[in-house]
Participant: 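A single structure is presented below for examination.
Values in this document were obtained by computation on a predicted structure and should not be read as measured data. Only this structure's heavy atoms are used, side chains among them; waters, hydrogens and symmetry mates stay out. The chains referred to below are lettered A, B, ... by the order of the sequence lines, with proteins before strands, and numbering in each begins at 1.
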Amino acid sequence: MLDKTFQPAEMEARLYGEWEARGFFKAGRKPKAKPFTIVIPPPNVTGSLHMGHALNNTIQDILTRFERMRGRDVLWQPGTDHAGIATQMVVERLLQTENNTDRRTMGREAFLKRVWQWKEESGDTISRQLRRLGASCDWSRERFTMDEGLSKAVLKVFVQLYKEGLIYKDKRLVNWDPVFQTAISDLEVETRETKGAMWSFAYPLVEGEIGGISEIVISTTRPETMLGDGAVAVHPSDERYKKLIGKLVRLPIAERHIPIITDEYPDPEFGTGAVKITGAHDFNDFEVARRNNIPLIKLMDTQARMIVTPENNVPERYAGKDRYGAREMVLKEIEELGFLRGREDKIIPQPFGDRSNVVIEPMLTEQWYVNAAELAKPAIAAVEKGDTVFVPRNWDKTYFEWMKNIQPWCISRQLWWGHQIPAWYGSDGEIFVEETENLALAAAQRHYGSRVALTRDEDVLDTWFSSALWPFSTLGWPDKTPELKRHYKTDVLVTGFDIIFFWVARMMMMGLHFMKEVPFHTVYIHALVRDERGQKMSKSKGNVIDPLELIDEFGADALRFTLAAMAAQGRDIKLAKSRVEGYRNFATKLWNAARFAEMNGVARDENYDPVAARVTVNRWIAGEAARTAKSVSRAIEEHKYNEAAAALYHFVWNIYCDWYLELIKPILTGEDAAAKTETRASAAWALDQILLLLHPFMPFITEELWQKTAAREHWLIDAGWPSYKGLGDKAADAEIEWMIRLISEVRSVRAEMNVPAGAKISCVIISAAKETRRRAAQWEDEIMRLARLSAITFEDKVPKASAQIVLGEATVALPLEGVIDFAAEKARLNKELDKIAKDTAAIEARLNNPGFAAKAPEEVLTETRDRKTELEGRRARMKEAMKRLG
RNA sequence: GGGCGAUUAGCUCAGUUGGUAGAGCACUGUGUUCACAUCGCAGGGGUCACUGGUUCGAGUCCAGUAUCGCCCACCA
């Protein structure tokens, strides 16, 4: 016997263990079937399951379980990402607290060993948590971006792109993170509005005075960079400065002379219209300097501290000062020198490292770049052609927008944890890019004519470089594995919009370049999960809802169902805990329905054929099941998970529980043995359909219930998706037939009954849920009232027993409910009459509209006329009912 | 500055070929003899942000306004 409420915790762990142990998640179980492939967006090894993961993986799991049941040979390829900066950060912090040491003291080799050790110990946190969610990944194929195989792929890609000229080295400004002391890509920079100020400095003219002007005033938000100014620029059309163009000004503190130049960049309307040009520490200025041959003067070291070099003329006293210390000093000295011309508080956009949370410094360094513009071309074309489709569609705009304006991708990082760049240097700086050191040495020998020693590039690659290869590297590329042949291209990529640029775009580029085919035909972009108030969840805000806590409290099924139900194609999901609670209740409801079935001897009959059902109500439920299955399948195919969830919820609760189970009660307790037998089989069959259809969404409770009712060998996860040949229309007809008979029976019952004046008892059709009323209204809106007013003479308060009406083959129960308050009932009727009057007026207005008659489609016209008739009939019956009430 | 999106019941959200406004939670009343109080039954609550247009008919299509949010962008 099933327990009164279901307890997810124990059940989930047990079932998941069984599934995995029996190999149900493994690809290749149906070698002849069409494959279905999803690669997981690899979570960071450092990560733990957050709500975004929960949503992302719930959707993938719904898809994979659905397709598995539909007979496809499913591969859900799991794995994790080595997450360069994030992981290095975690381990460095660990070293600090545990050993009070740092990576530089340890040395590269020892440090990397320590990171690997950490990975072995803690790297599987996230996959354990994904299991708790129920994710049916093929764990036997789990990959890690720094695996041997994937690393091989990275080397091959790098070398090939280099040799094709698509990877190159360049010296230009990069976004420099002074905490991690590495370059980062544009995408890893987050612009934030911060409180700052804009100062105005005067630079005196070297010649003294020209036409009454003795100085030029510039504005800056970063005073410390003035030490690196190479020029002052004005717009060529700016009349104010015409006379000064080409003249020199004296740069205070640095005591250098710099020219006044013209460039299109300065906006004459902004500030004084004169801009200081600091080519080595500002992206705009860099471009201006490059155009005008202005020297780039580097002021800072890798930690963004001031350095003094022969080239930069920075006074000795600045050496070692950080940017902010230097700023204070410059301001003080400028003021003392009498060159400060103003200060204004201002909100300024500042670049921050998205991981380090410090202000990024533009730095002049040599880095490796990918020619992204070239690789983007086929990636753009593929989406234009429809080889890859974004769902929802409008995301392709975002994709195009970025791809068409794509900048060179800086792929080198000055970190240790990651794929070390396969580039070796000769003593003269000659570069040899090869997959192995031996190949590089050989290449060097060819180049120099003799064996020479080479030094390897110290840098590692951007984490996203290896992620970009994920759809084929995980399948074994560059080896020609059977998996690669079978599973590339993959079917669907499920991901959030926040990594379209980081990841999706780059997979498209790499996939097309190396596989000559798009990596996936569909990209399903889901929303971000936010908190109840729409705030992004973040640790600092303290509004993080931990999916694992929700699983503990409500069960994985409830969480999954909630996420699916809220995964409409919007921008974000505001997660309310109450919603999860509601779906937990849904699971309980299902559980109890099964419990009821069990208590009433409902048991699966393998030979039961719903098409051949004799009892009408059984034919009807079969039709409803078929209809539900159809809409669930379609909704999943169209990635409308909320619709699928809604259809299931409705079927389980409002159709199966509220209607069907109530209606079969009298049959199950009745005398007709044949009807009883059939109904038991039917109830079991319908419950099975629920379990099957609901399984992709709520795998645990459905499997558990399936197990309780089936032979042990028979696993739901391995069962087929139901199909309902010959069930559709027939069952729908049966429903209508049944409803009509029900109505007429109720009517005759009423007619036969004398309702004595002042009668106090009313009778209600069983399960008068809202849904029941609505359904009844489809044919006979009045049915509930009729039943209610078909008062039966009973003496006193009636127990919840039921009066039974025999409806041909079906027996319908009319339980008697409570004492009726006639005054209240009359008021209710009056109110309803008002509403009917209003509705009738509206309908009439419409029908009287000449345009409506002329232009509305026939269906709509008949529908409207029918409604009018119905309203009129209802009105008449209402009045009659009022009369009866006295 | 450019782009995208949102605005529907107290709250969180559904609502695509334009044709009678929905769910969950919360709320009110009521019922615990047997599937389920994580429940049943009854009920209250919406000028679908605003303005105009197209249409016989607009939450749904178009234009504009307001508010909010996100993404991208070099204003010192």
Side-chain angles (χ1 to χ4, degrees), chain A residues 2 4-6 186-187 191 198 218-222 225 233 265-267 269-278 282-288 348-349 394-395 397-398 401-402 405 497-498 500-501 528 530 532-536 554 558 562 565-566 568 570-600 640 642-643 645-646 649-650 657-658 661-662 665 764 767-770 772 799-801 815 817-818 824 828 839 842-843 845-846 848-857 859-861 863-864 867 871:
Chain A
L2 294 172
K4 200 164 177 181
T5 56
F6 91 103
D186 298 346
L187 290 174
T191 307
M198 190 159 78
I218 55 86
S219 301
T220 181
T221 56
R222 300 200 50 201
T225 63
Y265 167 60
D267 175 3
E269 305 291 316
F270 188 90
T272 60
V275 183
K276 67 194 265 301
I277 300 300
T278 319
D282 183 282
F283 286 97
N284 295 313
D285 293 6
F286 178 75
E287 294 303 322
V288 177
I348 49 173
N394 53 320
W395 286 109
K397 271 189 192 150
T398 307
E401 169 76 15
W402 189 69
N405 298 298
F497 62 81
D498 52 332
I500 290 180
F501 303 147
L528 293 188
R530 297 173 189 283
E532 228 160 322
R533 294 191 308 271
Q535 304 273 322
K536 204 167 179 169
F554 301 112
T562 308
M566 298 188 82
R571 278 256 168 171
D572 46 20
I573 293 176
K574 286 181 218 157
L575 186 76
K577 200 172 164 181
S578 58
R579 194 90 189 246
V580 186
E581 195 180 347
Y583 291 122
R584 188 271 319 264
N585 296 352
F586 173 60
T588 306
K589 186 75 179 176
L590 173 62
W591 184 264
N592 277 293
R595 185 162 180 261
F596 168 80
E598 187 188 47
M599 291 168 78
N600 284 280
K640 293 177 177 171
N642 58 324
E643 286 183 14
Y649 186 93
H650 179 252
C657 293
D658 285 351
L661 292 185
E662 295 297 339
K665 276 177 181 172
V764 180
S767 187
K770 270 188 193 160
T772 312
K800 225 178 170 179
E817 191 155 289
R828 211 173 296 157
D839 289 355
I843 291 268
R846 180 190 277 191
N848 291 336
N849 185 335
F852 181 69
K855 300 202 179 177
E859 297 164 21
V860 178
L861 278 172
E863 212 172 273
T864 312
R867 173 140 177 80
L871 279 173

Participant: Could you pull out the protein-nucleic contacts involving nucleotides 35-39 of chain B (nitrogen or oxygen on both sides, under 3.5 Å)?
Facilitator:
from	atom 1	to	atom 2	distance (Å)
B/rA35	O3'	A/Arg595	NH1	3.2
B/rA35	O2'	A/Asn592	OD1	2.9
B/rA35	O2'	A/Arg595	NH1	2.9
B/rA35	N6	A/Glu662	OE2	3.3
B/rA35	N3	A/Asn592	O	2.9
B/rA35	N3	A/Ala593	N	3.3
B/rC36	O4'	A/Asn592	OD1	3.0
B/rC36	O4'	A/Asn592	ND2	3.4
B/rC36	O2'	A/Asn592	ND2	3.4
B/rC36	O2	A/Lys589	NZ	2.8
B/rC36	N3	A/Lys589	NZ	3.1
B/rU38	O4'	A/Asn585	OD1	3.2
B/rU38	O2	A/Arg584	NE	2.9
B/rU38	O2	A/Thr588	OG1	2.5
B/rC39	OP1	A/Asn585	ND2	2.9
B/rC39	O3'	A/Lys589	NZ	3.3

Participant: Once side chain to side chain donor-acceptor pair (under 3.5 Å) is applied, do any residues pair with A/Thr278, and if so which ones, sequence neighbours excluded?
Facilitator: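 By the side chain to side chain donor-acceptor pair (under 3.5 Å) rule, A/Thr278 matches A/Asp229, A/Lys276.
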Participant: Please measure how far the P atom in B/rC4 lies from the corresponding atom in B/rU65, and state the result in whole Å.
Facilitator: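 B/rC4 and B/rU65 have their P atoms separated by 15 Å.
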Participant: Counting the atoms with a prime plus P, OP1 and OP2 as sugar-phosphate, which does A/Phe270 contact under 4.0 Å by heavy atoms, base, sugar-phosphate, or nothing?
Facilitator: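 Base, at least one base heavy atom under 4.0 Å.
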Participant: Nearest whole Å is fine: how far is B/rA73 C1' from A/Phe283 CZ?
Facilitator: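 Distance check: A/Phe283 CZ to B/rA73 C1' gives 13 Å.
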Participant: If I compare all heavy atoms of A/Leu661 with all of A/Ala593, which pair ends up nearest, and what's the gap?
Facilitator: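 Minimum heavy-atom contact is CD1-CB, 3.8 Å.
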Participant: A/Ile277 has an atom CD1; how far is it from atom P of B/rC75, in whole Å?
Facilitator: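 Atom CD1 in A/Ile277 sits about 15 Å away from atom P in B/rC75.
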Participant: Where are the stems of RNA chain B, defined as at least 3 consecutive Watson-Crick or wobble G-U pairs with both distances under 3.5 Å?
Facilitator: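 So far as stems of 3 or more pairs are concerned, RNA chain B shows B:1-7 with B:66-72, B:10-13 with B:22-25, B:27-31 with B:39-43, B:49-53 with B:61-65.
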Participant: Can you check the A/Phe497 CZ to B/rC72 C1' distance for me, whole Å?
Facilitator: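 Distance, rounded to whole Å: 13 Å.
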Participant: Which heavy-atom pair separates A/Ala853 from A/Leu861 by the least distance, and what is that distance?
Facilitator: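 What the structure gives for the nearest pair is O-CD1, 3.9 Å.
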Participant: Between B/rU20, B/rG5, B/rC13, which nucleotide has the shortest distance from any of its atoms to the side chain of A/Arg579?
Facilitator: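 From the listed options, B/rC13 comes nearest.
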Participant: Checking A/Ala558 now: which residues fulfil side chain to side chain contact (heavy atoms under 4.5 Å, CB included) with it, not counting sequence neighbours?
Facilitator: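 Partners of A/Ala558 by the side chain to side chain contact (heavy atoms under 4.5 Å, CB included) criterion, ordered by chain and then number, come out as A/Phe554, A/Val580, A/Arg584.
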Participant: Specify the residue among A/Pro850 and A/Pro857 whose closest nucleotide of RNA chain B lies further upstream toward the 5′ end.
Facilitator: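 Upstream on the strand: A/Pro857.
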Participant: Which nucleotide in the list B/rC75, B/rG24, B/rU20 gets nearest to the side chain of A/Glu863?
Facilitator: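 For the A/Glu863 side chain, the nearest candidate turns out to be B/rU20.
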Participant: For A/Ile348 and A/Thr221, work out which heavy atoms get closest and say how close.
Facilitator: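 Scanning both residues completely, I find the closest heavy atoms to be CG2-CG2, 3.7 Å.
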Participant: Can you tell which of B/rG19, B/rA76, B/rU55 lies closest to the side chain of A/Ile348?
Facilitator: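 Of the candidates, B/rA76 comes closest.
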Participant: With a 3.5 Å distance limit and no angle check, can you tell me whether A/Asn592 reaches the backbone of A/Arg595 through a side-chain donor-acceptor pair?
Facilitator: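 Not confirmed, A/Asn592 side chain does not pair with A/Arg595 backbone.
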Participant: Sequence neighbours excluded, which residues qualify as salt bridge (charged side-chain N to carboxylate O under 4.0 Å, His left out) partners of A/Arg222?
Facilitator: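 A/Arg222 satisfies salt bridge (charged side-chain N to carboxylate O under 4.0 Å, His left out) with A/Glu224, A/Glu361 only.
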Participant: When the C1' atoms of B/rC62 and B/rG44 are compared, how many Å lie between them, rounded to an integer?
Facilitator: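 Here B/rG44 and B/rC62 have their C1' atoms 37 Å from each other.
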Participant: Say you pick atom P in B/rU47 and the same atom in B/rA9; how far apart are they, in whole Å?
Facilitator: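 Rounded to whole Å, the distance is 9 Å.
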Participant: Please measure how far the C1' atom in B/rC25 lies from the corresponding atom in B/rA35, and state the result in whole Å.
Facilitator: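 Each nucleotide's C1' atom is 24 Å from the other's.
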Participant: Do A/Lys640 side-chain and B/rU16 base share a donor-acceptor contact under 3.5 Å?
Facilitator: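 Flag set: donor-acceptor pair detected.
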Participant: Give the rounded distance in Å between these two atoms: CZ of A/Phe501 and C1' of B/rG3.
Facilitator: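 Rounded to whole Å, this separation is 10 Å.
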Participant: Counting side-chain heavy atoms from CB outward, which of B/rC56, B/rC71, B/rA76 is closest to A/Asp267?
Facilitator: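 Closest nucleotide among those given: B/rA76.
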Participant: If I take atom NE2 in residue A/His650 and atom P in nucleotide B/rG24, what distance separates them, rounded to the nearest angstrom?
Facilitator: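 Rounded to the whole Å, the gap is 10 Å.
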Participant: In whole angstrom, give me the gap between the P atoms of B/rC11 and B/rU7.
Facilitator: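 So the two P atoms sit 14 Å from each other.
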Participant: Suppose we screen for side chain to side chain donor-acceptor pair (under 3.5 Å). Which residues come up paired with A/Asp186, at least two apart in sequence or across chains?
Facilitator: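 Scan of A/Asp186 (side chain to side chain donor-acceptor pair (under 3.5 Å), adjacent residues dropped) gives A/Asn175.
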Participant: Closest heavy-atom contact between A/Asp285 and A/Asp282?
Facilitator: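 Minimum heavy-atom contact is N-OD1, 3.0 Å.
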Participant: Nearest to the side chain of A/Val860, which nucleotide is it out of B/rA76, B/rG19, B/rC56?
Facilitator: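 Output: B/rG19.
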Participant: Within the 4.0 Å heavy-atom criterion, would you say A/Lys276 contacts the bases, only the backbone, or no part of the nucleic acid?
Facilitator: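 Here A/Lys276 touches no strand at all.
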Participant: Would you find a donor on one side and an acceptor on the other, under 3.5 Å apart, between the side chain of A/Asn849 and the backbone of A/Ala845?
Facilitator: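 Looks like no, no N/O pair under 3.5 Å.
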Participant: Starting at CD of A/Glu598 and ending at P of B/rC34, how long is that distance when rounded to a whole Å?
Facilitator: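 Taking CD of A/Glu598 and P of B/rC34, I get 18 Å after rounding.
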Participant: Which whole number of Å gives the distance between the C1' atom of B/rC39 and that of B/rU32?
Facilitator: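 After rounding to an integer number of Å, I get 9 Å for this pair.
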Participant: What interatomic distance, in whole Å, is found between C1' of B/rU51 and the corresponding atom of B/rG10?
Facilitator: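 Result for the C1' pair: 28 Å, nearest Å.
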Participant: Evaluate the ring planes of A/Phe497 and A/Trp395, with Trp represented by its six-membered ring, and classify them as parallel (under 30°), tilted (30 to 60°) or perpendicular (over 60°).
Facilitator: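 The arrangement is parallel - the two ring planes meet at less than 30°.
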Participant: Take atom P in B/rC68 and the same atom in B/rG31, then report the distance between them in whole Å.
Facilitator: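 So the two P atoms sit 49 Å from each other.
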Participant: Could you tell me the separation between the CH2 atom of A/Trp402 and the C1' atom of B/rG2, rounded to a whole number of Å?
Facilitator: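 That distance rounds to 18 Å.
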Participant: Between A/Glu401 (CD) and B/rC70 (P), how many Å, whole number?
Facilitator: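 Rounded to whole Å, this separation is 19 Å.
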Participant: Quick check for you: among B/rU20, B/rG24, B/rA76, whose closest atom lies nearest to any side-chain atom of A/Pro349?
Facilitator: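 Closest nucleotide to the A/Pro349 side chain: B/rA76.
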